[in-house]
Amino acid sequence: MSAKQNHTRSLVLAAMLIALYVALSTLSIRTGNIRITLDSLPIVVAGALLGPLYGLAVGLIGNFFEQLIFFGLMPTTVLWIVADGVRGLIIGWYARKKGYHLDWENLTYISVLAALAVTFINTVMLHLDNLILHGVSPVAIVTASLIWRMLLGVGTTLVITAVLPRLLGPVEKLLRD
């Protein structure tokens with residue numbers, strides 16, 4: 001397959017993963033500062049198969065659309081899209097470092113690490129969002145939810161990495177054929 005065809009397939013897959021991200025984010029359960037969702041699945045797939053730039057793009061663009069759907073365009077929208085972009089970047093960088101051959105253990109390791117980074121980044125963004133929009137940030141409330149959010153992030157990541165090996169093989173085959 002030519003480089004142009006491969007690039008086109010990668011772009012099409014990235015667009016489909018962005019659409020899947022948006023669909024999964026609308027199916028999430030939201031309670032206060034805690035959100036139960038599987039919307040990170042397309043970001044992990046993009047990073048693991050397409051690399052850091054595609055992972056970054058799927059995370060940023062997918063989350064941007066999620067922000068528009070749920071909150072509209074706000075002064076802090078750009079803050080909220082950063083974390084999912086970082087998730088795709090971390091996973092993509094690690095996948096590239098491993099030659100895009102991630103076994104379950106490596107995938108779990110980097111996905112959990114990325115989930116912890118995302119939770120930390122989102123906690124900082126929650127604090128900044130409160131400061132920007134309200135001029136005050138209830139640090140105790142924001143920080144108190146951090147442990148629960150980290151546990152939820154790791155739990156969700158473990159569910160995703162249990163499903164991923166069954167997804168990555170067929171999607172990778174479509175990209176390479």
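These figures come from a predicted structure and were not determined experimentally. Throughout, numbering of the chain's residues begins at 1 and tracks the sequence.
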So which heavy atom on [X] is nearest to which on [Y], and how close?
{"X": "Val44", "Y": "Ser111", "value": "CG1-OG, 4.0 Å"}
{"X": "Gly85", "Y": "Leu56", "value": "O-CD1, 3.4 Å"}
{"X": "Gly55", "Y": "Ala46", "value": "CA-CB, 4.0 Å"}
{"X": "Gly153", "Y": "Ala115", "value": "O-CB, 3.8 Å"}
{"X": "Ile91", "Y": "Ala48", "value": "CG2-N, 3.8 Å"}
{"X": "Leu79", "Y": "Met125", "value": "O-CG, 3.4 Å"}

Hey, does [Y] have a side-chain heavy atom less than 4.5 Å from the side chain of [X]?
{"X": "Asp39", "Y": "Ser28", "value": "no"}
{"X": "Phe64", "Y": "Leu60", "value": "no"}
{"X": "Thr37", "Y": "Ile29", "value": "no"}

### Task
Taking ring-ring contact (aromatic ring centres under 6.0 Å, His included) as the test, write out the residues that go with Tyr109, two or more places apart.
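Expected list: Tyr94.
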Can you name the side-chain contact (heavy atoms from CB on, under 4.5 Å) partners of [X], sequence neighbours left out?
{"X": "His101", "value": "none"}
{"X": "Leu11", "value": "His7, Tyr54"}
{"X": "Thr26", "value": "Phe70"}
{"X": "Ile61", "value": "Ile18, Ala57, Phe65"}

### Message
I'd like to know whether Phe120 forms a side-chain contact (heavy atoms from CB on, under 4.5 Å) with Val86, so could you lay out the CA-CA distance, the side-chain angles of the two residues, the decisive distance to 0.1 Å, and finally the verdict.
### Response
CA-CA 11 Å; Phe120 178 77; Val86 168; over 6 Å; no
### Task
For Ser25 and Val22, indicate whether the former's side chain and the latter's backbone hold a donor-acceptor pair under 3.5 Å.
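Confirmed, Ser25 side chain pairs with Val22 backbone.
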In terms of hydrophobic clustering (I, L, V, M, F, W, Y; side-chain heavy atoms under 4.5 Å; direct or indirect links), are [X] and [Y] co-clustered?
{"X": "Leu53", "Y": "Val82", "result": "no"}
{"X": "Ile132", "Y": "Leu73", "result": "yes"}
{"X": "Leu41", "Y": "Val118", "result": "no"}
{"X": "Leu17", "Y": "Ile69", "result": "yes"}
{"X": "Trp104", "Y": "Ile160", "result": "no"}

Once rounded to the nearest 0.5 Å, what's the spacing between atom [atom1] of [X] and atom [atom2] of [Y]?
{"X": "Lys98", "Y": "Leu107", "atom1": "NZ", "atom2": "CG", "value": "12.0 Å"}
{"X": "Asn122", "Y": "Leu128", "atom1": "CG", "atom2": "CG", "value": "11.0 Å"}
{"X": "Arg87", "Y": "Leu116", "atom1": "CZ", "atom2": "CG", "value": "10.0 Å"}
{"X": "Ile110", "Y": "Thr157", "atom1": "CD1", "atom2": "OG1", "value": "11.0 Å"}
{"X": "Thr156", "Y": "Leu151", "atom1": "OG1", "atom2": "CG", "value": "10.5 Å"}

### Task
Could you walk me through whether Leu164 and Val45 pass the side-chain contact (heavy atoms from CB on, under 4.5 Å) test, one step at a time?
CA-CA 8 Å; Leu164 269 177; Val45 170; 3.5 Å; yes
#### Entry: Pairs where residues 71-85 contributes a residue and the test side-chain hydrogen bond (donor to acceptor under 3.5 Å, both in side chains) is met, not counting sequence neighbours
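Listed once each, the pairs are Tyr21-Asp84, Asn63-Asp84, Thr76-Asp129, Trp80-Asp129.
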### Query
Below 4.0 angstrom, N of the basic side chain to O of the carboxylate: do Arg30 and Glu66 qualify?
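Salt bridge between Arg30 and Glu66, a charged N being under 4.0 Å from a carboxylate O: yes.
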### Query
Can you check side-chain contact (heavy atoms from CB on, under 4.5 Å) on Val112 and Thr161, steps first, answer last?
CA-CA 9 Å; Val112 167; Thr161 56; over 6 Å; no
### Task
Check the pair Leu89, Trp93 against side-chain contact (heavy atoms from CB on, under 4.5 Å), reporting the backbone distance first and the verdict last.
CA-CA 6 Å; Leu89 195 64; Trp93 169 81; 5.7 Å; no
